[in-house]
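Down below is the structure, laid out as structure tokens.
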Number of protein chains: 2
Amino acid sequence: MTKDTMTIRQMCDTFGVTARTLRFYESKELLSPLRDGQRRLFTRRDRARLKLILRGKRFGFPLEEIRQLLDLYDVGDQQQTQYRETIDRARAHLAELRAHREDLDEAIADLDQQINWGARMLATMKRKDAAE
Amino acid sequence: MTKDTMTIRQMCDTFGVTARTLRFYESKELLSPLRDGQRRLFTRRDRARLKLILRGKRFGFPLEEIRQLLDLYDVGDQQQTQYRETIDRARAHLAELRAHREDLDEAIADLDQQINWGARMLATMKRKDAAE
DNA sequence: CAAGAAGTTGACGTTGACGTCAACCAAAAC
DNA sequence: GTTTTGGTTGACGTCAACGTCAACTTCTTG
């Protein structure tokens, strides 16, 4: 049933990371692959987590913060109180993400405007050049 | 006229960075404050640039990439060719930002859904508890 | 069965972005 | 006039996030 595991190299190819990275993430307890003797076997869970890790990284979150958030997606066998806390953390994180998006929207608007400005500027420069 | 300069400490307080950081940014040519003898005097230009630097950092961009983009906001006395390149880099950067936003939107949707799921889960747990 | 090929565990190196510390200067306050 | 206060320049330290390398084991393939 749980035959859908991957070797480290398959993981590397699939996600575009190095083996070193995967071992490093394991040492930091972000992943916890099974073992076949010595060798690692990455499960569906590991894959889901890695996906989230990489996404977190794209947003510039440090690994430690990402590690804490991973539990959110890991419904597990938590107690009610713990689970409530998990959800609260998730809500806080969601708020952060939304703030991040507003920030981003502003940056996009700024840059877009600046580019238009620059493009007009460039056109003016060309006209001036041609006139000489 | 250009009397609106700030000391390094005023900059620190205003932007929430350390003096070391400002000197470091200067050494990497991201800022170029005036001098009053030895002491640095940060101009409006420096402030504008620092604001952009910090925004770039919030999005996880490396300082070197930020430095290149800063020229865009610095119409300056660039040659046409250089300016064209600057605008091209800016366009590429803008595309990156937009991709980033799509990614972010997805993450927000995911997390939102996950939270709703969790909230329903929690409600179920409570009902089960109350039934016992 | 020898020789890859794929994987493993340390251990050390590297890079970016600063922190920390020592030694110094210069104007201002006591 | 000397002691703060605010600033300066190196030089070295640090931390995260891996890269690199050596020495080893364990299939598997000719």
Side-chain angles (χ1 to χ4, degrees), chain A residues 3-43 46-47 49-70 93 96 100 103, chain B residues 2-43 46-47 49-70 89 93 96 100 103:
Chain A
K3 200 64 226 78
D4 53 351
T5 72
M6 284 174 118
T7 88
I8 201 167
R9 197 110 323 263
Q10 288 174 314
M11 288 291 281
C12 294
D13 296 348
T14 306
F15 292 96
V17 299
T18 70
R20 180 67 182 89
T21 299
L22 293 174
R23 295 190 199 107
F24 179 73
Y25 288 168
E26 182 182 357
S27 80
K28 291 301 173 86
E29 295 179 67
L30 288 144
L31 299 176
S32 46
L34 300 174
R35 294 302 175 113
D36 169 29
Q38 291 264 77
R39 305 184 170 188
R40 292 166 176 82
L41 288 181
F42 295 85
T43 66
D46 290 312
R47 263 127 55 199
R49 290 173 73 94
L50 182 54
K51 223 166 157 180
L52 291 169
I53 292 167
L54 296 179
R55 180 151 80 184
K57 290 211 59 189
R58 285 200 299 278
F59 300 144
F61 292 109
L63 287 185
E64 177 51 29
E65 194 173 336
I66 293 173
R67 194 183 61 78
Q68 308 224 358
L69 282 162
L70 280 175
H93 188 65
E96 252 192 86
H100 199 91
D103 203 2
Chain B
T2 28
K3 198 66 226 76
D4 53 349
T5 72
M6 284 174 121
T7 90
I8 201 169
R9 197 111 320 262
Q10 289 174 314
M11 288 291 281
C12 294
D13 296 348
T14 306
F15 293 96
V17 299
T18 71
R20 180 68 180 88
T21 300
L22 294 173
R23 293 190 201 105
F24 179 73
Y25 288 169
E26 183 182 355
S27 81
K28 292 302 173 82
E29 294 181 67
L30 288 144
L31 299 176
S32 45
L34 299 175
R35 293 303 175 114
D36 168 30
Q38 290 265 79
R39 307 184 165 188
R40 291 165 176 81
L41 288 180
F42 294 85
T43 66
D46 291 312
R47 262 127 54 199
R49 290 172 74 94
L50 181 54
K51 223 165 157 181
L52 292 168
I53 293 167
L54 296 179
R55 180 150 80 186
K57 290 213 60 189
R58 284 200 300 279
F59 300 142
F61 292 107
L63 288 185
E64 178 51 29
E65 193 173 337
I66 294 174
R67 194 184 62 77
Q68 308 223 355
L69 280 162
L70 280 174
R89 272 207 306 278
H93 190 69
E96 254 192 85
H100 200 91
D103 205 0

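Bear in mind the structure is a predicted one, so any value in this text is a computation, not a measurement. Note on naming: letters A, B, ... go to the chains in the order of the sequence lines (proteins, then strands), and numbering restarts at 1 for each one.
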Pairwise distance CZ(R9(B)) to OG1(T18(B)) - rounded to 0.5 angstrom: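 The distance works out to 8.5 Å.
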Reported CG-to-CG distance for the pair L70(A) and L31(A), which is rounded to 0.5 angstrom: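 Here the interatomic distance stands at 8.0 Å.
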Could you check how far [atom1] of [X] sits from [atom2] of [N], rounded to whole Å?
| X | N | atom1 | atom2 | answer |
| --- | --- | --- | --- | --- |
| D13(A) | dA5(C) | CG | P | 16 Å |
| R40(A) | dT26(D) | CZ | P | 15 Å |
| I8(B) | dT8(D) | CD1 | C1' | 9 Å |
| R67(B) | dG16(C) | CZ | C1' | 15 Å |
| F42(B) | dG6(D) | CZ | P | 16 Å |
| L54(B) | dC18(C) | CG | P | 9 Å |
| E29(B) | dG16(C) | CD | P | 15 Å |
| L22(B) | dC18(C) | CG | P | 10 Å |

Greater than 12 external heavy atoms within 6.0 Å of E29(B)'s CD: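 Result for CD/E29(B): open.
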Measuring only between side-chain heavy atoms, which start at C-beta, is [X] closer than 4.5 Å to [Y]?
| X | Y | value |
| --- | --- | --- |
| L22(B) | F42(B) | yes |
| M6(B) | R47(B) | yes |
| L63(A) | K57(A) | yes |
| D36(B) | T5(B) | no |
| Q68(A) | H93(A) | no |

NZ/NE/NH1/NH2 to OD/OE distance under 4.0 Å, E26(B) and R23(B):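 Judged by the 4.0 Å cut-off on N to carboxylate O distance, E26(B) and R23(B) do not form a salt bridge.
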Touch class at under 4.0 angstrom, heavy-atom based, for R23(B) against every strand present: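 Here R23(B) touches the bases of the nucleic acid.
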Please enumerate all protein N or O atoms sitting under 3.5 Å from an N or O of nucleotides 26-29 of chain C, with distances to 0.1 Å.
none

Below 4.0 Å: OP1/OP2 of dG7(C) and any side-chain N or O of T7(A):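 Yes, T7(A) has a side-chain N/O under 4.0 Å of OP1/OP2 on dG7(C).
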Reading 5' to 3' through nucleotides 16-21 of chain D, protein heavy-atom contacts under 4.0 Å coded B for base, S for sugar-phosphate only, - for none: -BBBB-
